[in-house]
Protein chains: 2
Amino acid sequence: MAANIRDIARAAGVSVSTVSKALNEYPSVNAETREKVLRIARELRYEPNAAARALVGQRSMTLGVFLTTGLAHPFFASLLGGIDRALREKGYDLIYLSQARLGPEYSLVRHCRTRNVEGVLAFGLQDTDLSFAELAEAELPAVFIDLDIKGSRIGMVTSDNAQAIREAVGRLHALGHRRIAYVAGLAGTYVEKLRKRGFRQGLEDHGLAERPEYVVGDDFTQASGYEAMQRLLALVERPTAVVCCSDLSALGAMQAAAERGLSVPGDISVVGFDDIEAARAGRPALTTIRQDMPGMGYAAVALLDRLITEEPGSRSEADRRIVLPTEWVSRDSCGPAATADR
Amino acid sequence: MAANIRDIARAAGVSVSTVSKALNEYPSVNAETREKVLRIARELRYEPNAAARALVGQRSMTLGVFLTTGLAHPFFASLLGGIDRALREKGYDLIYLSQARLGPEYSLVRHCRTRNVEGVLAFGLQDTDLSFAELAEAELPAVFIDLDIKGSRIGMVTSDNAQAIREAVGRLHALGHRRIAYVAGLAGTYVEKLRKRGFRQGLEDHGLAERPEYVVGDDFTQASGYEAMQRLLALVERPTAVVCCSDLSALGAMQAAAERGLSVPGDISVVGFDDIEAARAGRPALTTIRQDMPGMGYAAVALLDRLITEEPGSRSEADRRIVLPTEWVSRDSCGPAATADR
DNA sequence: TTGAAAGCGCTAACAG
DNA sequence: CTGTTAGCGCTTTCAA
């Protein structure tokens with residue numbers, strides 16, 4: 001029942017190759033012929049068959065997406081928004097690549113080959129996954145989000161994590177804070193490494209010494225933030241401001257402060273990271289560092305497209321890394337340091 | 001460089017059709033021949049070409065997934081876990097269908113046709129989306145999660161929402177609660193309709209009258225729960241227990257109670273719905289109703305597979321609806337009603 | 001039990 | 001500017 005190119009050719013009284021050319025906007029087709037073909041295609045509700053196109057050896061226009069921590073990320077939805085937009089603009093479709101290996105014989109690269117996947121988008125925190133090495137080896141173009149993987153056809157998109165935290169420290173300093181703590185995220189992850197680095201740079205910028213007891217936390221979760229804050233509040237000389245690696249941990253931290261009877265930002269200021277929905281809903285509303293998730297998604301697909309279509313090696317290592325700026329979102333969880341604490 | 005069926009045939013000294021049959025486990029091939037073919041296929045790292053398979057007119061083994069509210073759902077990750085498992089078991093791949101219409105000419109069904117999608121999985125809250133009618137019309141098999149759509153090749157998977165809330169009311173009643181309120185979710189959604197119905201049934205079961213002022217809230221968000229609880233606490237005769245439509249709204253409700261200086265569960269008991277991660281992390285840890293998200297995902301794919309492979313009309317309306325049981329998760333936010341309040 | 005051949009829908013030489 | 005033809009990789013009659 002579905003019309004194909006031959007049906008159109010017959011109805012239009014031209015050859016299939018002419019139809020193909022008309023449909024693909026070849027310049028060599030007579031304007032009238034093209035219009036006629038296009039009109040008939042519409043009438044017949046013609047839809048090109050992607051499988052046939054892929055088979056004939058050209059592009060499959062298929063990208064794969066591989067998620068490690070993936071969807072648990074509270075802002076994956078916004079990432080996807082940007083990915084989606086870029087996908088449409090470039091004409092790609094996205095296929096989901098399972099992270100659940102059923103049996104050791106499963107291979108990401110083989111899966112991609114079978115489905116004619118032209119490039120893969122990977123997202124997550126763990127870079128320990130073996131598949132990544134496999135990807136690089138296979139020369140399959142790939143773009144990682146927040147993951148530091150190298151390879152000739154591998155790109156990366158991330159936020160300017162270090163700069164963001166560094167700036168946060170600066171802003172707290174400007175508010176009079178001198179005892180600034182950092183609630184760290186999962187050790188070993190790329191973003192955590194940079195955020196911690198940014199924290200140190202921020203302290204340095206203002207001649208503040210780093211105190212080991214002011215660096216706590218070991219995960220991006222709410223629970224980690226909660227416990228971290230408890231430890232901070234048990235200190236003899238407690239911090240007046242806390243920069244957190246994530247909104248979730250900041251929320252946990254605020255919870256701990258509230259239980260302790262401390263007011264935020266009256267007694268202690270708190271800064272988050274990400275700007276998830278709950279940041280706005282929290283009491284007090286969380287001051288945080290917004291990542292441009294849609295922008296990252298969009299940039300990732302655009303970069304992947306370039307990696308696929310350009311000559312391998314035509315862009316430099318640096319040229320395959322995209323670092324997006326973050327945005328300081330001032331809400332209610334930060335305030336001036338109490339004067340007694342200065 | 002990628003080996004194809006002809007390469008195998010050549011290397012094995014047999015015909016391509018024999019190779020095809022061996023690869024597809026036709027019984028008519030000689031055991032020795034089959035072994036030889038399989039061995040060579042492995043040596044050559046042969047991977048079947050999905051496009052060619054789809055083209056030759058058989059199954060494409062491709063499912064589409066369409067998300068409305070989709071990924072914003074905090075537990076979409078667990079849903080996906082179940083989907084993933086079923087996908088592998090049945091041999092399907094999943095392609096992401098954009099919800100972002102670029103221009104009015106985009107059509108979900110056409111997209112599916114182009115990509116040879118055999119069936120679609122849809123998830124979300126809004127059933128107002130026009131594409132759904134289009135799906136039913138096109139006779140494209142589809143399974144909806146938490147969405148009440150009907151059609152001859154359309155199925156649905158959901159939790160037993162009504163029963164879950166009804167049971168929650170019963171449990172609160174058993175704890176001595178008589179003034180039980182309900183924090184409702186987004187009006188007009190399928191799950192909300194059933195949860196509210198369950199609440200009423202629960203009250204009826206125990207001869208409790210429904211008080212209009214005890215039904216508040218209008219969304220599944222934390223903000224909605226927060227405001228709802230504020231209204232509840234402003235009442236002259238405030239409830240001693242609150243059943244919430246979601247964990248998020250329950251968390252918001254607890255926040256409001258805490259701000260008001262009320263203890264949970266000492267002064268007021270709170271029940272959530274979903275069992276998201278934050279439920280466990282909350283203080284007090286939230287007593288809630290767990291939905292079997294992986295189970296729903298798995299069931300959805302399995303049902304879709306049946307809808308695709310079985311004769312249309314071979315299963316009854318009721319047979320196309322799968323309702324999964326929920327589980328009561330007792331944590332710390334519920335306690336006996338204060339005796340004075342009985 | 002095996003093989004030859006046709007053809008799925010499309011694109012791309014090449015010839016006219 | 002248009003048409004003829006070959007062929008992408010695979011499955012499936014049909015005949016041997």
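Proteins come first, then strands; the chains are lettered A, B, ... in the order of their sequence lines, and each starts at number 1. Values below: all heavy atoms of this structure, side chains included; hydrogens, waters and symmetry mates excluded.
Contact annotation: the side chain of B:Glu137 never approaches that of B:Val109 to less than 4.5 Å [non-hydrogen atoms, C-beta and beyond]. Looking only at side-chain heavy atoms (C-beta outward), B:Leu38 and B:Arg42 come within less than 4.5 Å of each other. Considering only heavy atoms from C-beta on, B:Tyr92 stays 4.5 Å or farther from B:Thr62 through its side chain.
Rounded to whole angstrom, the span from the CG atom of A:Asp7 across to the P atom of C:dC8 amounts to 11 Å. In this structure, A:Met61 places its CE atom 17 Å from P of C:dC10, rounding to the nearest Å. Between the C1' atom of C:dC10 and the CD atom of A:Glu25 lies a distance of 17 Å, rounded to the nearest Å.
The nearest heavy atom of DNA chain C to B:Leu55 and to B:Arg34 marks one nucleotide each, and the one closer to the 5' end goes with B:Arg34.
Counted by atom type alone, B:Asn4 and B:Asn49 present zero donor-acceptor pairs between their side chains at under 3.5 Å.
Under a 4.0 Å N-O distance rule, the pair A:Glu43/A:Arg39 qualifies as a salt bridge. A:Glu47 and B:Arg110 are joined by a salt bridge, as a carboxylate oxygen and a charged side-chain nitrogen come within less than 4.0 angstrom of each other.
With A:Tyr96 as the fixed residue, the side chain to side chain contact (heavy atoms under 4.5 Å, CB included) test singles out one of B:Asp84, B:Val65, B:Asp93, B:Ile83: B:Asp84. Each of A:Leu80, A:Leu121, A:Val301, A:Asp305 was scored for a side chain to side chain contact (heavy atoms under 4.5 Å, CB included) with A:Leu87, with one residue passing: A:Val301.
The C1' atoms of five pairs define one axis at each end of the helix from C:dT1-D:dA16 to C:dG16-D:dC1, and these two axes lie 40° apart (to 10°).
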Do any N or O atoms of the protein come closer than 3.5 Å to N or O atoms of nucleotides 10-12 of chain D, and which pairs are they?
from, atom 1, to, atom 2, distance (Å)
D:dC10, OP1, B:Tyr46, OH, 2.5
D:dC10, OP1, B:Asn49, N, 3.3
D:dC10, OP2, B:Ile5, N, 2.5
D:dT11, OP1, B:Asn24, ND2, 3.3
D:dT11, OP1, B:Arg53, NE, 2.7
D:dT11, OP1, B:Arg53, NH2, 3.3
D:dT11, OP2, B:Ser20, OG, 2.9
D:dT11, OP2, B:Asn24, ND2, 3.4
D:dT12, OP2, B:Tyr26, OH, 2.5

